Amino acid sequence: MTQRLRIQLGGQAPAAGSAHFEDFEVNLPSGATLLDALEYIRTGVAPDLMYRHSCHHGSCGTCAVRVDGKEVLACLTALDSLAGGIPVIEPLRALKLEKDLAVDPGALFRSLPKNTSHLRESEVEHYIRFEDCIECGSCVSACPVTARSWDASTGKVEGFLGPAALAAVHRESLNSPERAEEMRTVAERPDGVAACEKHFDCSRVCPRMVYPGKHIEMLRREFART
Amino acid sequence: MDYFDVAIIGGGGTGAATAYDLALRGLSVILFERGELTSGTTGRHHGQLHSGARYALGDHRIARECMAETLILRRIAADALEFNQGLFLAVDDEGESLTDEFVEACRAADIPATEVPVARAREWEPRISGATRRAVLVPDGTIDAYRLAMRFFASAASRGAVIRNYTQASGIEVTGGAVRAVAARSLRDGTETRYECGAVVNAGGPWADRVAALAGLEVPVTPAAGTMVAVEGRVANMVISRLRRPSDGDIVVPQRRLSIVGSTQRKVEDPDGLRPLPEEIELLLASADELVTGFSAQPFRAAWAAARPLAGRSSEEGREISRDIAIVDHGKSDGVRGFFSVLGGKATTLRRMGELVSDQVAAFLGKAEPCRTAKFDLAPYADYWRLP
């Protein structure tokens with residue numbers, strides 16, 4: 001099938017020029033994804049196109065972009081679902097733009113509590129599993145609070161830790177009871193739970209059904225109880 | 001003018017492990033990757049941590065190497081592994097008659113394989129095929145391929161290695177029969193920079209022949225496309241493999257809340273822009289159903305193809321080419337001193353690949369430091385991005 005895509009190019013690096021949009025046409029068989037389309041463009045007409053990707057099946061969390069203003073993982077977005085128009089593909093908000101669709105996820109990782117293990121050793125040999133959050137940044141980009149207080153030139157968000165960090169804080173307090181007090185101190189900061197305005201866009205866009213909004217609400221209820 | 005002891009070309013698992021290894025030996029390192037780190041083959045791995053059992057009947061040495069690396073990775077990167085073990089299922093005559101030989105071959109390679117009663121296997125994993133006749137427990141597991149590689153990158157960076165993503169090596173300068181410099185172009189702003197160096201490591205994986213061509217050389221690689229299919233839901237917690245000689249679609253790997261069946265193998269000319277073929281997806285889903293009841297009835301999630309970096313050349317379909325690691329010292333083979341290619345290998349043996357090529361690079365540079373990458377816990381993967 002043939003599909004046109006309107007992709008944001010440029011940005012940040014001086015020589016890259018300011019951000020602008022260009023249309024690209026891709027011709028791929030049914031079943032192809034938005035990530036396949038980006039690969040098609042990069043291996044064809046735009047070899048310098050910058051975007052992030054790694055696992056191609058929604059496990060690594062690198063390929064999140066915005067399609068018509070909504071955060072998605074490019075690797076899980078069927079090209080067929082975009083038919084009938086020219087979708088606008090933009091990089092995530094609330095993270096520093098590198099160029100084109102590639103952002104620097106540094107601010108996201110710096111917001112997460114340190115030394116939280118992605119996989120905890122279980123007491124039983126079986127039934128141990130990685131954390132659900134794949135740190136893709138979709139929730140941070142979708143949140144109206146972070147979007148409002150975000151400095152586009154530095155990628156810095158002032159005044160709100162963000163949904164990914166607060167979800168991680170809650171998960172860590174459950175996984176490691178010995179760190180519950182430390183996690184609570186983080187959540188109780190003015191830029192913690194109190195800064196959340198309950199828009200729940202985070203939960204709506206989360207590709208792994210972590211529902212960060214739910215974790216923030218659970219933290220809020222814990223505070224009220226004690 | 002910047003000088004680095006070693007320039008590494010290729011930012012996958014092999015380049016990451018090599019950068020960390022050389023940095024630990026006290027060498028200054030710069031690494032170039034044309035795209036995002038792990039965007040080539042590494043991240044697309046189906047995620048099996050190989051005990052080596054899969055290779056026990058075919059290649060003893062690889063089987064033994066996988067087991068040794070499994071034990072090391074469990075020590076240095078525990079939180080990037082789901083260590084739930086694995087079951088090999090004999091579901092037909094071939095598997096049934098092969099089981100004793102399989103267990104023996106595993107044990108000969110120091111892999112603690114144990115036959116377990118089918119009823120016990122079914123207690124562990126209720127959805128294994130009703131046709132299961134014999135079952136063998138092996139120490140397989142699941143790797144978070146992206147985060148394991150990023151732990152090596154984080155460890156390399158914390159030891160001073162310079163990692164440049166979105167930077168494409170555009171030339172390797174050779175004068176007087178030795179490498180002198182690497183030119184690299186930034187995709188960020190299009191500028192090209194020359195970096196003087198004492199040695200160059202080609203860690204290009206399936207693109208290794210293109211990297212070698214920058215120095216006017218050839219290396220034998222056969223890019224092979226491997227297709228994988230992920231469905232929603234964990235059909236099992238253990239890795240489920242079909243007990244037979246390695247073939248298509250005989251491994252089901254749980255990963256997060258997904259299950260992945262892999263893989264197929266077909267030779268390709270170009271490792272870029274690979275797409276799975278509809279018939280491969282069909283074959284994989286049918287094969288998975290023969291191992292785990294109702295696999296194909298789970299909601300479909302994704303199908304993708306990865307380029308395997310098989311060392312050597314073959315006119316065959318590719319499965320027979322060795323998954324072994326090969327190090328080419330181009331000083332010896334082509335008269336270009338200080339240029340080394342690391343070919344082949346597997347995700348499970350990434351650390352070992354780094355060790356083998358670094359041994360040769362360190363010796364070439366006169367650095368008598370041993371490999372120490374098996375000794376320390378790797379840095380948290382988030383540290384790579386966390387550092388400003």
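Basis for what follows: all heavy atoms, side chains included, without hydrogens, waters or symmetry-related copies. Being a predicted model, the structure only gives us computed values, none of them experimental.
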More than 12 heavy atoms of other residues, nucleotides or ligands under 6.0 Å from CD of B/E192: yes or no? yes

For [X], is it the side chain, the backbone, both or neither that has a heavy atom under 4.5 Å from a heavy atom of chain B?
X      : value
A/S59  : both
A/I134 : both
A/D36  : side chain
A/A78  : neither
A/S111 : neither

Check whether [X] gets within reach of chain A through its side chain, its backbone, both or neither, counting any heavy atom under 4.5 Å.
X      : answer
B/I281 : neither
B/W304 : side chain
B/A145 : neither
B/A80  : backbone
B/R301 : both
B/Y381 : side chain

Non-neighbouring partners of B/A121 that pass side-chain contact (heavy atoms from CB on, under 4.5 Å), sequence neighbours left out: B/L87, B/V116, B/I128, B/A135

Is there a donor-acceptor pair closer than 3.5 Å between any side-chain N or O of B/R386 and the backbone N or O of A/F109? yes

From [atom1] ([X]) to [atom2] ([Y]), nearest 0.5 Å:
X      : Y      : atom1 : atom2 : result
A/E135 : B/W385 : CD    : CH2   : 12.0 Å
A/R110 : B/L387 : CZ    : CG    : 8.5 Å
B/L187 : A/D100 : CG    : CG    : 8.5 Å
A/Y40  : B/D272 : OH    : CG    : 14.0 Å

So, A/E39 and B/R44, do they make that salt bridge, N to O below 4.0 Å? yes

A/E131/B/R147 salt bridge by N-O under 4.0 Å criterion: no

Pick from A/P47, A/C60, A/S30: which one has the most heavy-atom pairs with chain B under 4.5 Å? A/C60

Not counting sequence neighbours, which residues clear side chain to side chain donor-acceptor pair (under 3.5 Å) with A/D151? List them please. A/S153

Over all heavy atoms of both residues, which pair between A/R208 and B/L258 is shortest? Give the atoms and the distance, please. NH2-CD2, 3.9 Å

Closest non-hydrogen atoms of B/R256 and A/D132, given as atom of the first, atom of the second and distance, are NH1-O, 4.1 Å

Under a 4.5 Å heavy-atom criterion, the part of residues 48-56 of chain A in contact with chain B comprises A/D48, A/M50, A/Y51, A/R52, A/H53, A/S54, A/C55, A/H56

Given B/R34 and A/R42, is the side-chain contact (heavy atoms from CB on, under 4.5 Å) satisfied, shown in steps? CA-CA 12 Å; B/R34 69 172 179 174; A/R42 178 180 65 83; 3.7 Å; yes

A/E25: salt bridge (charged side-chain N to carboxylate O under 4.0 Å, His left out) partners, not counting sequence neighbours: A/R4

